[in-house]
Asks: 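Take this structure, written in structure tokens, and hold onto it; I'll ask about it next.
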Amino acid sequence: MRLATWNVNSIRARVDRVTDWLERADVDVLAMQETKCADDQFPTMPFAAIGYEVVHCGFNQWNGVAIASRIGVEDVQVGFDGQPTWSGKPDVQGAAEARALGATCGGVRVWSLYVPNGRTVDSPHYHYKLEWLAALRETAQKWLAQDPQVQIALTGDWNIAPTDDDVWSVEFYQGSTHVTEPERAAFNAIVDAQFADVVRPFTPGPAVYTYWDYTQLRFPKNRGMRIDFILGSPGLAQRVTHAEIVREERKGKAPSDHAPVLVELD
DNA sequence: ATGTCGGGTGTTACCCGA
């Protein structure tokens, strides 16, 4: 089974590139983030035409997560239990954002996750990001406690560079989100809860990235960040035979600013 | 952050977000 995750930065702007790659790379299941559309705007037809069923969660033009599978999609869940809501205002009831979608594909519990960006360390979005990650850890721990053998893949855009090797310049990101100690601790707490980064052993750094800003020739200069990850429960991690970051897909005409991340399971 | 991309709209000129 070949399982991938990709922040597509608008599925409507990228559908041809995404479906082309699915076929070329022989992908069975793709988790997407930043689809940037509502459910009724998602272009399901091009996926169906090449044999993929799609489930999507999008409420408006922001965020949006999806899972495309050619090996079945069962037990679809929009959001995880305890997922924080966002309002941005102290007295206003928050609304759930389209940042988490779970489905079982070929016996693997796949989660497509788009962790809040955080914006700046003094923003309410930053606090929301940390809360969101803590809630995910708590819920993921419960899944594993219920069934230690369960095969879970927590995939997506985590908006965190867990180590200094994961950014092109420590100086550049000094004081910014994505590299702060609380964000790294929140990520590592999920790793410590037995969800291992199953890609890094196959793609060791430094200077190995999954995202490059569109500006300033960042991609040709390889000035990026590693912020997209596939974390696997023990049952899943032991099945991983290969992993790669598909840098080629950041090249060419109208690419996403993220590359797909792919694992192969036996 | 934005010398770039997306989305959007009181749309052809700006706004927001990453």
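Protein chains get the first letters and strands the later ones, always in sequence-line order, with residue 1 at the start of each. Remember, predicted model here, so these are calculated numbers, not experimental data.
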Asks: Measure CD/A:Q61 against P/B:dT9 and give the value in whole Å, please.
Replies: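 My rounded result for the distance is 7 Å.
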Asks: Is the shortest side-chain N to carboxylate O distance from A:K251 to A:E248 below 4.0 Å?
Replies: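 Answer for the salt bridge query: yes.
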Asks: Between B:dG3 and B:dC14, how far is it from one P atom to the other, in whole Å?
Replies: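 B:dG3 and B:dC14 have their P atoms separated by 15 Å.
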Asks: Are A:H178 and A:M225 packed together at the side-chain level, in the sense that at least one heavy-atom pair is separated by less than 4.5 angstrom?
Replies: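 A side-chain contact exists here, since the closest heavy-atom pair is under 4.5 Å.
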Asks: Please tell me which of the listed nucleotides, B:dA18, B:dG6, B:dG7, lies nearest to the side chain of A:R14?
Replies: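 From the listed options, B:dG6 comes nearest.
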Asks: Which whole-number value in Å describes the distance from A:D213 CG to B:dA1 P?
Replies: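 Going from CG in A:D213 over to P in B:dA1 covers 12 Å.
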Asks: When the nearest nucleotide of DNA chain B is assigned to A:Q216 and to A:D157 on a heavy-atom basis, which residue is associated with the more 5' position?
Replies: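 Its nearest nucleotide being more 5', the pick is A:Q216.
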Asks: If the C1' atom of B:dT11 is compared with that of B:dC15, how far apart are they to the nearest Å?
Replies: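 The answer is 11 Å between these two C1' atoms.
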Asks: Would you mind reading off the distance between A:F219 atom CZ and B:dC5 atom P, rounded to a whole angstrom?
Replies: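 For the pair A:F219 CZ and B:dC5 P, the rounded distance is 14 Å.
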Asks: Taking the side chain of A:A254 as its heavy atoms from C-beta onward, which of B:dG6, B:dA18, B:dG7 lies nearest to it?
Replies: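 Closest nucleotide among those given: B:dG6.
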Asks: Please give the distance between the P atoms of B:dA1 and B:dA13 as a whole number of Å.
Replies: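 One P to the other, the span is 29 Å.
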Asks: Which nucleotide wins on minimum distance to the side chain of A:R12, given the candidates B:dG8, B:dG6, B:dA1?
Replies: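 Minimum distance to the A:R12 side chain belongs to B:dG8.
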Asks: Give the rounded distance in Å between these two atoms: CD of A:E97 and C1' of B:dA18.
Replies: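 So the CD-C1' distance, A:E97 to B:dA18, works out to 13 Å.
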Asks: Is the phosphate of B:dA1, meaning OP1 or OP2, less than 4.0 Å from a side-chain N or O of A:R119?
Replies: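 False: A:R119 side-chain N/O out of range (4.0 Å or more) of B:dA1 OP1/OP2.
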Asks: So what does A:N117 hit on the nucleic acid, given a heavy-atom distance under 4.0 Å: a base, only sugar-phosphate, or nothing?
Replies: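 Sugar-phosphate only.
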Asks: Output the single nucleotide from B:dG17, B:dA18, B:dA1 whose closest atom is nearest the side chain of A:E34.
Replies: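 Among B:dG17, B:dA18, B:dA1, the one nearest the side chain of A:E34 is B:dA18.
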Asks: How many whole angstroms separate atom CZ of A:F59 from atom C1' of B:dG17?
Replies: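 Distance check: A:F59 CZ to B:dG17 C1' gives 18 Å.
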Asks: May I ask you to evaluate whether A:T215 reaches the phosphate of B:dG3, defined as a side-chain N or O under 4.0 Å from OP1 or OP2?
Replies: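 So the side chain of A:T215 is outside the cut-off, no N or O lying under 4.0 Å from OP1 or OP2 of B:dG3.
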Asks: From CG of A:N63 over to P of B:dG17, roughly how many Å is that when rounded to an integer?
Replies: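 Answer to the nearest Å: 11 Å.
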Asks: Atom CE of A:M225 to atom P of B:dA18: distance rounded to whole Å?
Replies: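 In whole Å, B:dA18 P lies 14 Å from A:M225 CE.
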Asks: Indicate yes or no: does A:E183 engage A:K129 in a salt bridge with an N to O separation below 4.0 Å.
Replies: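 Salt bridge: yes.
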Asks: Considering heavy-atom distances to DNA chain B, does A:P255 or A:Y173 have its closest nucleotide positioned more toward the 5' end?
Replies: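 Upstream on the strand: A:Y173.
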Asks: A:Y211 vs A:H258 aromatic rings, parallel, tilted or perpendicular, using cut-offs 30° and 60°?
Replies: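 Geometry flag for A:H258 against A:Y211: tilted rings.
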Asks: Describe the nucleic acid contact of A:Y114 in one word from base, sugar-phosphate, nothing, applying a heavy-atom distance below 4.0 Å.
Replies: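 A:Y114: backbone/sugar contact only, no base atoms under 4.0 Å.
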Asks: Taking the side chain of A:R218 as heavy atoms from C-beta outward, which of B:dA18, B:dC5, B:dA1 is closest to it?
Replies: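 For the A:R218 side chain, the nearest candidate turns out to be B:dA1.
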Asks: For B:dT11, does the O4'-C1'-N9-C4 (purine) or O4'-C1'-N1-C2 (pyrimidine) torsion place it in syn, i.e. within 90° of 0, or in anti?
Replies: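 This nucleotide is in anti.
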Asks: For B:dG10 versus B:dT4, give the span between their C1' atoms, rounded off to a whole number of Å.
Replies: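 Each nucleotide's C1' atom is 26 Å from the other's.
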Asks: Are A:E249 and A:R24 close enough for a salt bridge, meaning some N to O gap below 4.0 Å?
Replies: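 A salt bridge is present here (some side-chain N lies under 4.0 Å from a carboxylate O).
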Asks: To the nearest angstrom, how far is A:L217 atom CG from B:dT2 atom P?
Replies: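 Rounded to whole Å, this separation is 17 Å.
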Asks: Assess whether a salt bridge exists between A:D165 and A:R200, defined as any Lys/Arg side-chain N lying under 4.0 Å from an Asp/Glu carboxylate O.
Replies: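 No.
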Asks: Could you check whether A:N60 gets within reach of a base, just the sugar-phosphate, or nothing at all, counting any heavy atom under 4.0 Å?
Replies: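 Result for A:N60 = nothing.
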